[in-house]
Number of protein chains: 2
Amino acid sequence: MRPNKLEQPILPDQGEDDLRAILGGTEIPTAYKIGYILNFYREPSFRRIEAEFGLTRPEIVILLALHFREGITAAEFCEFSGHLKAGVSRAAIALEKKDLIRRVTDPADSRRQRLFLTDAGRDLYSRYVPALKAREAAMLACLSGSERKQLDRLLDKLAAHVPDWGSASEL
Amino acid sequence: MRPNKLEQPILPDQGEDDLRAILGGTEIPTAYKIGYILNFYREPSFRRIEAEFGLTRPEIVILLALHFREGITAAEFCEFSGHLKAGVSRAAIALEKKDLIRRVTDPADSRRQRLFLTDAGRDLYSRYVPALKAREAAMLACLSGSERKQLDRLLDKLAAHVPDWGSASEL
DNA sequence: ACAAGAAAGTCTCATATGAGACCGAATAAG
DNA sequence: CTTATTCGGTCTCATATGAGACTTTCTTGT
């Protein structure tokens, strides 16, 4: 029962039939399975990073995003990450205080702040990303090369169509 | 920028190349994409359920799980859901207070409590699950029938191998 | 040029959550 | 039998988070 925060939650040793009983019984099987897999990918990794480097979730994700999208604004980050603007604002302030990013007011629109990694931020990122990569590799280890290609193709397609899902108010 | 909590975060209207710039740049592309997709599936739906029915995340998920696994204990739920035991305990207490579940001490081991849906719990579940189903359908709408089969097969495989990922302490 | 409205980001408050200490029940060992 | 240990569950405390009010800046229409 999760004796330790860094311990991966352990599944009882059970056959695939029982696993099917766990995962196959919902009325939202695909979403449920994605959630299940992602939980076991993300939670242990993120908890460890939080504990080890003193970062919060939004802070971790902002550093991740800045690594390939420097100069992004908080609002842009909200749009594609789904985080709330208050959380992003808090995280950006905290990251700046820790000297991991710089916030530069956009000269063209002084409401906006563009975010940039500092050397320290890049360094910190490079110290925690290997764990995430390793865990992704562990997650994908059971798939063959062509299965991984399939999976990535399907995920790309799903991701590309996210904007078409319709607003939540239609739910 | 998320003006409303029930509003789905809106992506700027951008071509697939830009989307690739958002999603393809990480060092953990598969995990990142799964997270991206799941965020946009889960957050709006769950926020709506939270607001509309006064439930917390763990409460929502417990009701979901009980719907196909009645009599589960809190510890079992922790194991396959990845939730923390304190959260599950709190949620179970709250759900019982709302008469949505019953907690029955296991006669064989009086430490354990088995959880069962009440009629009210079943009813509440049936009122919020359609929204989740609808959103899953929207998510999958861009895939063909055979692509969905592919996806489910890959997810089943990934889910079945979760226990092999190794403990987080190896990260 | 001015007023009205939208947008970016910050702040505040209440609540949810994570971590781990704690308690009582069950099991194992001597 | 008695004691130590593990295990299911609860409690407490500090922190993170969600929601939305608020401030300032930009945009639009007249």
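Atom set for the values below is all heavy atoms of this structure, side chains included, hydrogens, waters and symmetry mates excluded. Here is the naming used below: chain letters follow the sequence lines, and residue numbers restart at 1 for every chain.
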Query - Comparing Arg112(A) and Leu55(A) on DNA chain D - which has the more 5′ nearest nucleotide - result: Leu55(A)
Query - Nearest heavy-atom neighbours spanning Lys157(B) and Cys142(A) - result: CE-O, 3.1 Å
Report task. Among the candidates dG9(D), dG20(C), dC13(C), find the nucleotide nearest to the side-chain atoms of Arg90(A). Result -> dC13(C)
Report task. Could you check which of dG20(D), dG8(D), dG9(C) has an atom nearest any side-chain atom of Ala86(A)? Result -> dG20(D)
Query raised in the report: What's the closest nucleotide to the Ser110(B) side chain, out of dC26(D), dG18(C), dA26(C)?
Result: dA26(C)
Query raised in the report: Which part of the nucleic acid, if any, lies within contact of Ala92(B), taking any heavy atom under 4.0 Å across all strands shown: a base, the sugar-phosphate backbone alone, or nothing?
Result: nothing
Query raised in the report: Under 3.5 Å, is there an N or O donor on one side and an acceptor on the other linking the side chain of Arg111(A) and the base of dA7(C)?
Result: yes
Query raised in the report: Would a 4.5 Å heavy-atom cut-off, applied to side chains only, mark Arg48(A) and Arg135(A) as touching?
Result: no
**Report entry** Euclidean distance, atom CZ of residue Arg57(B) to atom P of dT17(C) [Å, nearest integer]
**Finding:** 7 Å
Report task. Could you state the atom-to-atom distance from NE2 of His83(B) to P of dG8(D) in whole Å? Result -> 18 Å
Query raised in the report: Side chains of Ser81(B) and Asn39(A): is there a donor and an acceptor less than 3.5 Å apart?
Result: no
Report summary line: Assign each of Thr56(A) and Pro107(A) the nucleotide of DNA chain D bearing its closest heavy atom; nearer the 5' end lies the nucleotide of Thr56(A)
Requested in this report: Assign Ser89(A) to base, sugar-phosphate, or nothing according to its heavy-atom contacts below 4.0 angstrom with the strands shown.
Outcome: base
Report summary line: Of Pro58(B) and Thr73(A), the one whose nearest nucleotide on DNA chain C sits closer to the 5' end is Thr73(A)
**Report entry** Interatomic distance, Asp109(B) CG vs dT6(D) P [rounded to whole Å]
**Finding:** 17 Å
Query raised in the report: To the nearest angstrom, how far is Lys85(B) atom NZ from dC7(D) atom C1'?
Result: 8 Å
Query raised in the report: For Leu84(B) and dT12(D), what is the distance between atoms CG and C1' respectively, to the nearest whole Å?
Result: 15 Å
Query - Asp106(A) and Thr73(A) side chains, donor-acceptor separation under 3.5 Å - result: no
Query raised in the report: Taking atom C1' of dG18(C) as reference, at what distance in whole Å does atom CD1 of Ile49(A) sit?
Result: 16 Å
Query raised in the report: NA contact type, Arg103(B), heavy-atom cut-off 4.0 Å: base, sugar-phosphate, or nothing?
Result: sugar-phosphate
Query - Taking every non-hydrogen atom, the tightest pair across Ala91(A) and Glu59(A) - result: CB-CG, 3.7 Å
**Report entry** Nearest-nucleotide pick for Gln113(B), side chain only, options being dA16(D), dG8(D), dT10(D)
**Finding:** dT10(D)
Query raised in the report: Whole-Å distance between dT17(D) C1' and Phe46(A) CZ?
Result: 16 Å
Report summary line: Which of dG18(C), dA16(C), dT17(D) is nearest the side chain of Arg47(A)? It is dG18(C)
Query raised in the report: How many Å lie between CD1 on Ile60(A) and P on dG18(C), as a whole number?
Result: 13 Å
